[in-house]
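All remarks here apply to the structure that follows.
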Protein chains: 2
Amino acid sequence: MKSAAKNQDFIQNISYDSVIFGFNGSQLKILILEYHNTEYFALPGGFVKMDESLDDAVKKGVSQRTGLEDIYLEQFYTFGSLERSDPGVMDKILTENNLDMEKYGWMLGRFLSIGYYALINYEEVSLKPDELSDSINWYSIDELPPLMMNHKEMVKKALEVLRNNLDRKIVGMNLLPHKFTMKQLQQVYEAILGEKLRRTTFQRKMLSMEILVRHEKLFQGKAHKAPYLYSFK
Amino acid sequence: MKSAAKNQDFIQNISYDSVIFGFNGSQLKILILEYHNTEYFALPGGFVKMDESLDDAVKKGVSQRTGLEDIYLEQFYTFGSLERSDPGVMDKILTENNLDMEKYGWMLGRFLSIGYYALINYEEVSLKPDELSDSINWYSIDELPPLMMNHKEMVKKALEVLRNNLDRKIVGMNLLPHKFTMKQLQQVYEAILGEKLRRTTFQRKMLSMEILVRHEKLFQGKAHKAPYLYSFK
DNA sequence: CAATTATTGTCTCATTTTGTTACAATAATG
DNA sequence: CATTATTGTAACAAAATGAGACAATAATTG
C-alpha cells in the first residue's frame with residue numbers, strides 16, 4: 001500500500017490510495033501491488049509530507065510507479081472508518097520486510113485515507129514496484145485478487161465516481177492514445193459502464209458534442225471500410 | 001471554525017468543515033459562525049478523535065450546533081493545499097479567546113480538511129454557537145460574509161456537488177417539512193440550481209418519477225385553487 | 001351570490017433527443 | 001470482380017422535453 005517512509009516528516013495518520021485505471025483495448029484495468037513474502041495485494045498508496053500539498057503527494061506517488069508525468073487525477077472519496085485500519089496487516093508487511101518497528105511502527109496506527117483515481121495511457125507506462133513490493137501489475141477490474149484492508153471498497157467507489165463523471169468530464173482522452181477510432185472510444189465507454197452501447201447512437205452523440213477532430217483514415221488491412229481516426233479538440 | 005479541543009486525543013493535522021444547507025421557503029442558506037472579538041466568519045468545523053470514525057465526528061459536530069439528530073450528510077471533498085492553512089488567523093482566534101498556546105498551539109499547524117455538506121430542515125434547528133464563537137447564523141448563499149481560510153471555496157465546491165447530485169439523490173426530502181406543495185419543491189430545486197424552472201415540466205417530471213405520495217389539499221386562504229400536499233415515498 | 005382573481009393540475013401540440021433499422025460506401029480477399 | 005465485414009450516415013419511430021392553453025377552484029368583492 002505505501003511507499004516506505006524514512007522519517008517523521010509525514011503527516012501522521014493520513015495516507016492516500018490510488019486507483020490507477022488503464023485500458024488495454026478491451027478491458028478496464030487497474031494497477032495492484034503485491035508485497036514481499038506476503039499474500040497481500042494492495043492499491044498503490046503513500047503518505048503526505050508536512051510541507052507538500054495532498055495533490056502533489058499523490059501525483060508524485062503515481063508518477064513514481066508508472067513513470068508518467070502530467071497524470072490525470074481526480075479525488076474521489078476520503079475513507080475514515082475505524083474498521084479500515086488493520087494493524088495486523090501492516091505488522092506482517094513490516095516484519096517480512098525486516099523493517100525496524102521503532103522507525104516504522106507509526107504505520108500500524110489508524111489512518112484516514114484519501115482516494116484518488118488516475119486515468120493513464122496503458123501503452124506508455126513503465127511499471128516500478130516500490131521498496132516494499134514484489135510486483136506491480138495490471139488487473140482487470142472484474143478479476144481482482146483479494147485486496148487488503150478496505151481496498152476493494154475503494155475500487156468500487158472509484159468506479160462509481162468515474163461512471164458518474166463520464167457524462168460531465170472527458171474521460172476517453174486520458175485512457176486512449178492521441179488518435180483513436182470511434183470504435184475504440186466506444187469500447188472505453190463500454191468498459192467503464194460495464195454495458196454495451198448502441199453503435200449508431202454513440203457515434204451520433206460523440207460527433208454532436210463537437211469535442212472531436214476527425215483525421216485521416218486508419219487502414220487496418222482488413223476486408224472492410226477503414227474507420228476515421230479522431231482526437232480530442 | 002473548530003470546536004475547542006481540550007487534549008491531544010485528536011488526530012493531528014486533520015479537521016472537517018461542514019456546509020449546512022437549509023431552505024427558508026425561498027432562499028438556500030448555510031450556517032456561519034463568528035468568532036469572539038474577531039472579524040472572522042467560518043464554517044462550522046471540528047476535529048476527529050483517534051477512536052472515532054470521520055463520519056461520526058462530523059455527525060456529532062453538526063448535531064451539537066443544530067440540535068438535530070439523524071442528519072443527512074454527504075462528504076464532498078478533501079482540501080489538502082498548503083495555502084489553505086493560515087496560522088495567523090488561528091493565532092488571533094486563540095489569543096482573543098485567551099487560550100493557552102501550550103495547550104492549543106497545535107491548532108496553528110497545517111490541516112487537511114474534509115468537507116461535508118448537510119441538508120436540514122430550517123424550521124427545526126435550535127442553533128448553538130460553540131465555545132469560541134459569538135454567534136451561529138443563517139446566511140443566504142449569495143450574501144455570505146467574508147469567510148476565513150478557503151471556506152468560500154469550500155462552499156462553492158459543496159454547492160457544485162449538491163447540484164450534480166440533484167438528479168441522482170433525493171434532495172428535497174431533507175430540506176422541506178414532511179408534507180409540502182409542488183411549488184415548494186420546485187423552489188428548493190430553483191434555489192439550488194440558481195435558475196428558474198418551467199412549472200409544468202417540473203411537475204410532470206416529479207410525478208413521473210413516482211417518488212411522491214399525494215395527500216390532502218392545503219387551503220392557504222388565498223383566492224385560488226388549493227394545491228395538493230405531497231410527501232416522499 | 002355572481003363576477004373576479006390568482007394559482008393549480010392537466011392536456012395538447014411542437015420540438016428535441018434518443019432508439020432502431022436500413023443501406024450505401026469501402027478496403028481487403030480470393 | 002463478387003464476397004466479406006465494418007463503417008458512416010440517413011431515415012423513421014418512439015420517448016422526453018418545451019411551451020401554451022385551458023378548465024377547475026378557493027377566496028374576495030361588489
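Computation of the quantities below employed the complete heavy-atom set of this structure, encompassing side-chain atoms and omitting hydrogens, waters and symmetry-equivalent molecules. All chains are named by letter (A, B, ...) in the order of the sequence lines, taking the proteins before the strands, and each is independently numbered beginning at 1.
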Distance, rounded to the nearest Å, where A:L197 contributes CG and C:dT18 contributes P: 13 Å
Cationic N near anionic O, under 4.0 Å, B:E153 to B:R84: no
Closest-nucleotide 5' rank along DNA chain C - winner of B:P227 and A:T200: B:P227
Residue whose nearest DNA chain D nucleotide is more 5′ - A:R204 or A:Y230: A:Y230
side-chain N/O A:R198 vs C:dT20 OP1/OP2, d < 4.0 Å: yes
Whole-Å distance separating the OH atom of B:Y228 from the C1' atom of C:dT10: 11 Å
Atom-pair distance (CE on B:M206; C1' on C:dT8), nearest Å: 17 Å
OP1 or OP2 of C:dA6 under 4.0 Å from side-chain N/O of B:R199: no
Heavy-atom check, side chain of B:Q75 versus side chain of B:L54, under 4.5 Å: yes
Length of the line joining A:F202:CZ and C:dT20:P, which is rounded to integer Å: 17 Å
Protein-nucleotide distance (B:K196, atom NZ; D:dG18, atom P), rounded to Å: 17 Å
Minimum-distance pair of heavy atoms, taken over all atoms of B:R110 and A:K49: NH1-O, 3.0 Å
A:N137 vs A:F41 side-chain heavy atoms within contact, under 4.5 Å: no
Integer-rounded Å distance: C:dT8 C1' and B:Q203 CD: 7 Å
Spacing between A:Q184 atom CD and D:dT7 atom C1', to the nearest angstrom: 14 Å
Residue closer to the 5' end of DNA chain D, A:L207 versus B:K205 (nearest nucleotide): A:L207
Ring geometry between A:W138 and A:Y122 (parallel below 30°, tilted from 30 to 60°, perpendicular above 60°): tilted
Given C:dG19, C:dT10, D:dG8, the nucleotide with the shortest approach to the side chain of A:T201: C:dG19
Centroid separation A:F23 to A:Y189 less than 6.0 Å: no
Result of checking A:T66, A:D70, A:L175, A:L73 against A:I120 for side chain to side chain contact (heavy atoms under 4.5 Å, CB included): A:T66
Review item, nucleotides 23-26 of chain D N/O atoms under 3.5 Å of protein N/O:
from, atom 1, to, atom 2, distance (Å)
D:dT25, O2, B:K225, N, 2.8
D:dA26, OP1, B:K217, NZ, 2.5
D:dA26, O4', B:H224, O, 3.1
D:dA26, N3, B:A223, O, 3.2
D:dA26, N3, B:H224, N, 2.6

Touch class at under 4.0 angstrom, heavy-atom based, for B:T181 against every strand present: nothing
